[in-house]
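A short worksheet on the structure shown next.
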Amino acid sequence: EAKKQGKNTVAFYTSELNIQVENRLSMETRLHKALSRGEFSLHYQPQISLNTGSIIGMEALLRWKTGSDGFVSPAQFIPVLEETGLILEVGEWVLHEACNQSVAWEKNGLKDLRVSVNISALQFMRSDLDVTVQHVLQQSGLDPRKLCLELTESMIMIDSSRTMEKLESLTSLGITLSLDDFGTGYSSLEYLGRLPIHELKIDQSFVRRMSNTKNDAAVVNTIIAMGHGLGMDLVAEGVESKEQLDYLYEKQCGIIQGFLFSKPLPATDFAVFCSEWGPENVLLMMKQ
Ligand code: C2E
Ligand code: MG
Ligand code: MG
Ligand code: MG
């Protein structure tokens with residue numbers, strides 16, 4: 001009986017594994033064709049200033065819509081893009097698309113918005129990211145001050161002398177740099193203070209837990225205080241509740257991004273959101 005069960009269990013796992021490998025392979029194949037088929041798009045999530053109440057910009061987030069399965073979660077396909085190296089080509093497309101869209105919006109009267117673009121480790125490791133970014137800025141005509149690149153702690157912790165050079169050549173283009181998912185890596189404070197980074201994005205895991213867990217609230221306070229001390233802007237991502245908003249306002253976190261204000265939106269919906277947004281909306285959102 002036990003032996004029989006064991007056999008079944010093995011059979012079950014084997015077929016499960018096959019399905020995973022098959023999915024993975026077919027995903028890889030489908031991702032290869034996705035760019036030329038126009039299956040990628042960007043959604044834009046607004047970032048709101050708590051000082052002025054206005055929209056200061058948006059994060060561009062990659063979306064993949066397949067003919068058969070609809071939208072596939074970035075958590076599923078971005079690792080595959082990274083492992084296969086396809087992220088280099090797709091990442092360049094993302095940069096072009098985000099900058100072109102920003103220029104188009106500006107021409108249509110959506111002024112003073114900054115677009116943030118996620119950069120993967122592989123893109124950052126390439127020595128010519130600065131050349132790519134410069135090319136994209138030239139081609140699109142976007143004011144460099146309106147482009148922000150989101151990097152992560154882990155990619156800037158490797159090989160510090162080369163990293164410093166890379167960051168400096170990027171900032172010399174006039175763009176801004178942000179550290180995404182901040183607090184989950186192991187940045188040394190001394191090193192962080194020397195880097196030409198303009199902004200810290202507090203990882204959403206801390207934001208999610210800070211109302212319930214003292215430690216997470218302490219981490220959020222510390223990141224905000226440290227960022228201010230280093231002259232950086234602070235962005236909280238994953239803000240979903242009024243309580244979280246109130247807390248971050250009290251701690252003087254300057255910029256808020258999260259479902260409380262808006263989910264990431266397709267380009268046309270984002271423009272509508274902007275046209276309907278008023279700075280007083282922030283006050284209305286706050287707890288009385
Ligand atoms: P990220 O850069 O940290 O982006 C923030 C993620 O949090 C997004 O997930 C966004 O939809 C989600 N989010 C925003 N506000 C809330 C909220 O209030 N609640 C919750 N639960 N989630 C919220 P998304 O779009 O699924 O992207 C996941 C990750 O995929 C991104 O994390 C980023 O690391 C990566 N990614 C997305 N687009 C690109 C891209 O163009 N290039 C690269 N290299 N990576 C990308
Ligand atoms: Mg990001
Ligand atoms: Mg993030
Ligand atoms: Mg994240």
Side-chain angles (χ1 to χ4, degrees), residues 31 34-35 39-48 57-65 70-102 114-126 129 132-133 136 147-155 176-185 197-211 220 223 233-245 248 253 255-267 269-270 273 285:
L31 279 167
L35 253 190
E39 292 178 348
F40 289 120
S41 65
L42 296 181
H43 283 187
Y44 299 88
Q45 189 175 32
Q47 299 179 326
I48 314 280
M58 57 286 186
E59 178 174 7
L61 292 155
L62 185 60
R63 295 292 179 262
W64 180 32
K65 193 176 186 183
F71 282 107
V72 182
S73 159
Q76 279 190 292
F77 74 83
I78 287 180
V80 181
L81 288 178
E82 282 169 342
E83 287 157 32
T84 53
L86 280 168
I87 193 69
L88 292 173
E89 203 183 331
V90 176
E92 200 167 324
W93 177 84
V94 170
L95 271 168
H96 276 285
E97 179 70 14
C99 291
N100 288 336
Q101 181 60 256
S102 296
R114 175 199 73 170
V115 68
S116 292
V117 174
N118 291 285
I119 299 296
S120 91
L122 209 57
Q123 283 175 287
F124 186 71
M125 264 156 54
R126 295 263 302 218
L129 179 61
T132 303
V133 172
V136 171
L147 177 63
C148 174
L149 299 188
E150 294 194 1
L151 312 172
T152 60
E153 278 180 281
S154 53
M155 53 175 102
T176 54
L177 299 178
S178 176
L179 271 191
D180 203 358
D181 305 335
F182 190 77
T184 57
I197 299 282
H198 307 87
E199 176 185 280
L200 299 179
K201 289 188 85 171
I202 305 165
D203 189 67
Q204 50 181 289
S205 60
F206 301 118
V207 174
R208 193 180 314 125
R209 297 187 304 244
M210 68 185 181
S211 329
V220 170
I223 294 174
D233 289 332
L234 274 303
V235 182
E237 69 176 5
V239 177
E240 294 183 354
S241 73
K242 291 179 183 221
E243 287 75 13
Q244 291 166 344
L245 178 67
L248 293 160
C253 177
I255 304 166
I256 302 292
Q257 179 183 343
F259 294 172
L260 179 64
F261 291 124
S262 173
K263 295 198 167 187
L265 299 168
D269 296 354
F270 178 79
F273 179 88
M285 291 266 180

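First listed ligand is number 1; within each ligand, the first listed atom is number 1.
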What atoms in ligand 1 come closer than 4.0 Å to a heavy atom of [X]?
| X | answer |
| --- | --- |
| Glu237 | 3 (O), 5 (C) |
| Gly258 | 15 (N), 18 (O) |
| Pro264 | 11 (O) |
| Gly238 | 15 (N), 16 (C), 17 (C), 18 (O) |
| Ser120 | 44 (N) |
| Val239 | 18 (O) |

Is the closest N or O pair between [X] and ligand 1 shorter than 3.5 Å?
| X | value |
| --- | --- |
| Glu240 | yes |
| Arg63 | yes |
| Ile87 | no |
| Gln204 | yes |
| Ile78 | no |

Counting only heavy atoms closer than 4.0 Å, does ligand 1 sit against the backbone of [X], its side chain, both, or neither?
| X | answer |
| --- | --- |
| Gln45 | side chain |
| Lys201 | neither |
| Val117 | neither |
| Val94 | side chain |
| Arg208 | neither |

- Sorted by first residue and then second, give each salt bridge (Lys or Arg N to Asp or Glu O under 4.0 Å) pair with at least one member in residues 86-101; sequence neighbours left out. none

- Message: Please list all pairs meeting salt bridge (Lys or Arg N to Asp or Glu O under 4.0 Å) that have one or both residues in residues 114-126, counting only residues at least two apart or in different chains.
- Response: Arg114-Glu199, Arg126-Asp128

What pair of heavy atoms forms the shortest contact from [X] to [Y], and how long is it?
| X | Y | answer |
| --- | --- | --- |
| Ile223 | Gly183 | CD1-CA, 4.1 Å |
| Ala98 | Tyr44 | CA-OH, 3.9 Å |
| Leu61 | Pro264 | CD1-CG, 3.6 Å |
| Gln45 | Phe270 | C-CE1, 4.4 Å |

Pairwise side-chain contact, [X] with [Y], heavy-atom cut-off 4.5 Å (strictly under):
| X | Y | value |
| --- | --- | --- |
| Glu237 | Glu59 | yes |
| Phe71 | Lys65 | yes |
| Arg63 | Phe40 | no |

Judged by atom type as modelled, is there a donor-acceptor pair below 3.5 Å linking the side chain of [X] to the main-chain atoms of [Y]?
| X | Y | answer |
| --- | --- | --- |
| Gln204 | Asp181 | no |
| Ser73 | Ala75 | yes |
| His198 | Leu177 | yes |

- Query: How many degrees, to 10°, between Glu59 OE2 and Glu150 OE1 as seen from the Mg ion (ligand 2)?
  - Reply: 90°

- Note on the structure: Looking at Asp181, the N, O or S atom sitting nearest the Mg ion (ligand 3) is OD1

- CG/Leu95 to CG/Asn100 distance, rounded to the nearest 0.5 angstrom? 10.5 Å

- Query: N/O/S atom of Ser116 under 2.8 Å from the Mg ion (ligand 2), yes or no?
  - Reply: no

- Query: At the Mg ion (ligand 3), what is the angle formed between atom OE1 of Glu237 and atom OD1 of Asp180, rounded to the nearest 10°?
  - Reply: 100°

- Do any N/O/S atoms of Asp203 come under 2.8 Å of the Mg ion (ligand 3)? no

